[in-house]
Number of protein chains: 2
Amino acid sequence: MEGRKVTLRDLAMKAGLSVNTISRALKDKEDIAPATRKLIKDLAKDMGYIGNALAGSLRSGLTKTIAVIVSDVANPHFGIMVKDIDKTARKHNYTIFVINTEDDYDMEERAIFTAIRKNVDGIIICPSQRSTDNIRFLQKNGVPFVLIGRRFKDEPEFDYVICDDEKGGYLATKHLVESGHRRVLFLNGPNRISSAQERFEGYKRAHDEAGLPIEEDLIIEVGASAGDTKQVVRQLIEQKADFTGIFAFNDVIAWEAVYVLHKYGYRVPDDYAVIGFDNIQSRLFIPFQLSSISNSKGKMSKRAMDIILHKINHPESKERFHEVIDTTLVLRESTK
Amino acid sequence: MEGRKVTLRDLAMKAGLSVNTISRALKDKEDIAPATRKLIKDLAKDMGYIGNALAGSLRSGLTKTIAVIVSDVANPHFGIMVKDIDKTARKHNYTIFVINTEDDYDMEERAIFTAIRKNVDGIIICPSQRSTDNIRFLQKNGVPFVLIGRRFKDEPEFDYVICDDEKGGYLATKHLVESGHRRVLFLNGPNRISSAQERFEGYKRAHDEAGLPIEEDLIIEVGASAGDTKQVVRQLIEQKADFTGIFAFNDVIAWEAVYVLHKYGYRVPDDYAVIGFDNIQSRLFIPFQLSSISNSKGKMSKRAMDIILHKINHPESKERFHEVIDTTLVLRESTK
DNA sequence: TTGTAGGCGTTATCAG
DNA sequence: CTGATAACGCCTACAA
């Protein structure tokens with residue numbers, strides 16, 4: 001059964017019917033006699049017919065495909081989101097492309113080109129935010145898209161689903177401050193990213209409320225890739241930097257920070273209190289009880305898909321989606 | 001600039017040239033006057049032309065796309081592999097589809113259909129192994145494919161890249177046994193999976209060498225999905241099951257087991273020694289020092305892509321790829 | 001150096 | 001109910 005694939009034409013020849021009839025029968029159109037329909041379907045199964053989506057898509061203009069462009073699937077946060085998006089997509093008969101950008105602007109540009117070239121019906125993207133050009137380009141091209149996890153505050157035209165980053169940053173910091181930590185190290189993500197900026201806003205609000213000053217040297221930007229944090233924390237410890245609490249931009253960074261603290265013989269939360277963001281532990285049972293900010297990855301993924309589907313199905317709609325999913329504090333043993 | 005996408009035809013109209021000339025110019029064919037070429041390229045950039053891969057693929061029969069079918073991207077093990085595969089793919093100008101099966105046979109079947117319908121050039125699949133039918137189907141359809149992480153021992157026709165599971169199982173168990181644990185609980189994956197079977201072989205070999213019997217009640221199959229392990233371990237503890245060492249099928253299961261042990265106030269490695277498999281900690285710095293078996297995810301991913309590319313580029317080659325990547329013991333503090 | 005014709009496999013339209 | 005015809009956008013082959 002090797003060789004060329006079975007096409008509608010092959011079925012048509014065999015059945016002595018027109019290609020068109022075959023096509024319509026397989027799609028359960030009402031205007032084909034039930035008997036004929038059954039006949040054709042059986043034949044198709046017999047001959048192992050598998051449609052060619054390429055051809056169909058070329059004609060219909062729809063690929064039933066969504067591109068998901070994220071910075072790093074190896075980060076469980078994104079792994080979980082991708083899984084959830086895939087699940088929702090499947091329910092609606094969509095397939096997803098996953099493209100990694102490593103938060104690199106050029107890779108993001110290429111990812112977008114690829115997605116458009118492949119005629120995806122929509123794009124869910126966690127933008128690297130070096131500039132708005134890539135996203136503007138998307139918009140100009142008319143591909144439905146929605147940002148996830150990050151937003152451009154000055155661009156109300158871009159739909160997004162994010163979690164309440166400011167509140168998350170506030171809750172995390174407030175908790176540390178209230179536990180008595182007056183010098184809280186903030187291991188933040190790249191400052192160009194909205195979530196980093198907004199979590200920092202929260203950090204500031206908590207300090208303001210407590211009447212604590214913001215110490216510039218306690219705000220540190222760490223790279224997003226695995227391993228970067230280790231370097232930074234190691235250095236801080238060597239310098240005997242003065243802090244007792246750590247608020248990390250995400251759980252992966254928090255883990256890495258604790259990892260280094262442990263290496264130096266420090267104990268958490270006894271010597272340092274540490275809190276992360278993403279609450280990965282709700283989905284992956286890691287034996288380190290990290291306090292964190294829950295951001296409902298499941299809900300975010302689902303909303304993003306819903307929005308994309310809405311935009312695909314109502315291309316004329318001018319509705320704007322600016323969704324902010326609530327964040328909550330989840331206390332575990334890494335803070336007290 | 002909204003609306004329909006720019007096509008070769010649009011460029012042709014604008015330039016007063018034929019579609020063909022445009023196409024050839026954009027592909028840098030020698031037989032177009034350099035001046036014309038430049039003109040056309042500038043125009044294309046101006047009008048924001050992005051080729052339609054669908055149309056091209058329909059013609060050429062190639063999509064420059066690889067499907068990656070795995071059980072769970074949310075498991076960092078797969079997340080990391082997907083990332084690595086994507087990286088290699090990109091280097092060769094390929095894009096990847098990621099499809100999750102949750103190790104469900106029907107979802108796997110649908111995933112394969114989807115991949116074929118979308119005309120992927122090749123498939124990298126971690127098969128669910130409920131039966132060989134799905135894979136046989138792939139073979140019958142002539143799509144190049146390679147198994148990753150699992151194999152069918154009775155099907156030498158299927159190419160695969162796995163790690164040395166037997167050796168890994170042996171090393172892990174041997175280490176526990178040599179540390180004085182005479183009753184080692186094996187939290188294994190589903191037995192239909194080759195890696196589970198082979199790791200068990202290793203477990204047995206270590207026992208044989210040490211002259212220890214295999215106790216049936218210490219071999220427990222846990223579901224692959226997050227949360228399953230908790231239930232199992234909780235029950236064992238409640239039953240006061242007799243064991244002091246735990247060898248887990250993978251790190252995620254190991255983490256979950258430790259998670260529960262901690263909940264019950266037990267300490268690792270003092271009360272129980274625990275070792276996992278996959279060595280996720282080489283890529284994600286989790287602050288729990290889990291001993292594990294390293295299986296070179298990077299190497300596996302790379303080899304899988306190389307093999308797929310080879311098969312795509314040499315469809316006639318009858319070469320068979322049965323690759324077994326070495327596994328090694330990585331000791332950390334969860335065993336002593 | 002450039003243009004024309006035909007086809008990839010499917011689907012939409014309209015006629016019968 | 002079913003069939004013929006023409007697209008979808010691009011590319012290969014050949015003609016001019």
Side-chain angles (χ1 to χ4, degrees), chain A residues 3-41 43-44 47-65 113 116-121 141-143, chain B residues 3-41 43-44 47-65 113-114 116-121 141-142:
Chain A
R4 236 188 61 276
K5 281 208 289 188
V6 183
T7 72
L8 286 184
R9 235 174 67 102
D10 298 329
L11 295 183
M13 306 272 264
K14 194 83 168 192
L17 290 166
S18 79
V19 168
N20 189 305
T21 305
I22 306 289
S23 170
R24 306 177 65 76
L26 292 178
K27 309 209 102 181
D28 270 325
K29 300 276 181 183
E30 289 303 330
D31 60 2
I32 302 290
T36 320
R37 244 188 287 170
K38 171 143 180 26
L39 188 92
I40 293 176
K41 286 193 163 186
L43 183 65
M47 297 182 60
Y49 172 74
I50 302 185
N52 181 338
L54 246 45
S57 297
L58 182 57
R59 186 68 247 252
S60 68
L62 293 176
T63 52
K64 285 288 187 178
T65 302
F113 264 76
I116 295 178
R117 250 202 315 269
K118 301 231 179 203
N119 279 46
V120 298
D121 295 338
N141 264 274
V143 195
Chain B
R4 235 187 62 275
K5 281 207 293 188
V6 183
T7 71
L8 286 185
R9 232 174 69 101
D10 299 328
L11 295 183
M13 306 272 263
K14 194 84 169 189
L17 289 167
S18 79
V19 169
N20 189 306
T21 306
I22 307 288
S23 169
R24 304 175 67 75
L26 292 178
K27 307 208 104 184
D28 269 326
K29 298 276 181 182
E30 289 303 330
D31 58 1
I32 303 289
T36 320
R37 243 189 285 169
K38 173 144 181 25
L39 188 94
I40 294 177
K41 285 192 163 185
L43 182 66
M47 299 183 59
Y49 172 75
I50 301 184
N52 181 338
L54 246 47
S57 296
L58 182 57
R59 189 73 246 268
S60 69
L62 292 177
T63 53
K64 285 286 185 181
T65 302
F113 264 79
T114 301
I116 295 178
R117 251 203 315 269
K118 302 231 180 205
N119 280 48
V120 298
D121 295 339
N141 265 274

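In the text below, chain A, chain B and the rest are named by the order of the sequence lines, each starting its count at 1. For the numbers below, each heavy atom of this structure counts, side chains included, while hydrogens, waters and symmetry mates do not.
- One can place CG of B:Leu62 at 14 Å from C1' of D:dT12, the figure rounded to the nearest angstrom.
- Nucleic acid contact class of B:Gly61 (heavy atoms, under 4.0 Å, all strands): none.
- Residue A:Asn52 is in sugar-phosphate contact alone, with no base atom involved, counting any heavy-atom pair closer than 4.0 Å across all strands shown.
- Across the protein-nucleic acid pair, B:Lys5 atom NZ and D:dC10 atom P stand 9 Å apart, rounded to whole Å.
- When distances run from any side-chain atom of B:Thr21 to the nucleotides C:dA12, C:dT2, D:dG9, the shortest one goes to C:dT2.
- Here the closest non-hydrogen pair linking B:Ser23 and B:Leu8 is CB-CD1, 3.7 Å.
- Summary of the strand contacts: A:Lys27 and B:Thr36 both lie near DNA chain C, and taking for each the nucleotide with the nearest heavy atom, the more 5' one is attributed to B:Thr36.
- The side chain of A:Leu17 lies closest to D:dG3, out of D:dG9, C:dT2, D:dG3.
- Minimum atom distance to the side chain of B:Leu58 is reached by D:dG9, of the listed D:dG9, C:dT13, D:dC11.
- If you take CG of A:Asp10 and P of C:dC8, they are 11 Å apart, rounded to a whole angstrom.
- Rounded to an integer number of Å, the gap from B:Asn20 CG to C:dG6 C1' is 12 Å.
- Contacts of B:Val19 with the nucleic acid, taken as non-hydrogen atoms under 4.0 Å apart, are absent.
- Which of D:dC10, C:dT10, D:dA4 sits closest to the side chain of A:Tyr49 comes down to C:dT10.
- Nucleic acid contact for A:Leu54: none, since no nucleic acid atom lies under 4.0 Å from a heavy atom of the residue.
- The CG-P distance, from B:Asp28 to D:dC11, rounds to 13 Å in whole Å.
- Here the side chain of A:Ala33 is nearest to one of D:dC1, D:dC10, D:dA6, namely D:dC1.
- Distance from the side chain of B:Asp31 is smallest for C:dT1 among the nucleotides C:dT10, D:dG3, C:dT1.
- Side-chain N or O atoms of A:Asn141 include none that pairs as donor or acceptor with a backbone N or O of A:Val143 at under 3.5 Å.
- At the heavy-atom level, B:Ser18 lies under 4.0 Å from base atoms of the strands shown.
- Across all strands, B:Leu8 comes closer than 4.0 Å only to sugar-phosphate atoms, never to a base (heavy-atom distances).
- Here the side chains of B:Asp31 and B:Arg24 are in contact, with some heavy-atom distance below 4.5 Å.
- Taking atom CD1 of A:Ile32 as the reference point, atom C1' of C:dA12 lies 14 Å away to the nearest angstrom.
- When all heavy atoms of B:Ser18 and B:Ala12 are compared, the closest pair comes out as C-CB, 3.9 Å.
- Checked by distance alone, B:Arg59 brings no side-chain donor or acceptor within 3.5 Å of a matching partner on the base of D:dC10.
- One finds no side-chain N or O of B:Ser60 lying less than 4.0 angstrom from the OP1 or OP2 phosphate oxygen of D:dC11.
- What separates CZ of B:Arg9 from C1' of D:dA7 is a distance of 11 Å, to the nearest Å.
- Taking only side-chain atoms of B:Ala55, from C-beta outward, the nucleotide of D:dG9, D:dA4, C:dT4 with the closest atom is D:dG9.
- Atom P of nucleotide D:dC10 and atom CD1 of B:Ile50 are separated by 11 Å, given to the nearest angstrom.
- At the phosphate of D:dC11, OP1 or OP2 sits under 4.0 Å from a side-chain N or O atom of B:Ser23.
- Closest of all the heavy-atom pairs between B:Leu54 and A:Lys118 is CD1-O, 3.9 Å.
- A salt bridge is defined here as a Lys NZ or Arg NE, NH1 or NH2 lying under 4.0 Å from an Asp or Glu carboxylate O, and B:Asp10 with B:Lys5 fails to meet this definition.
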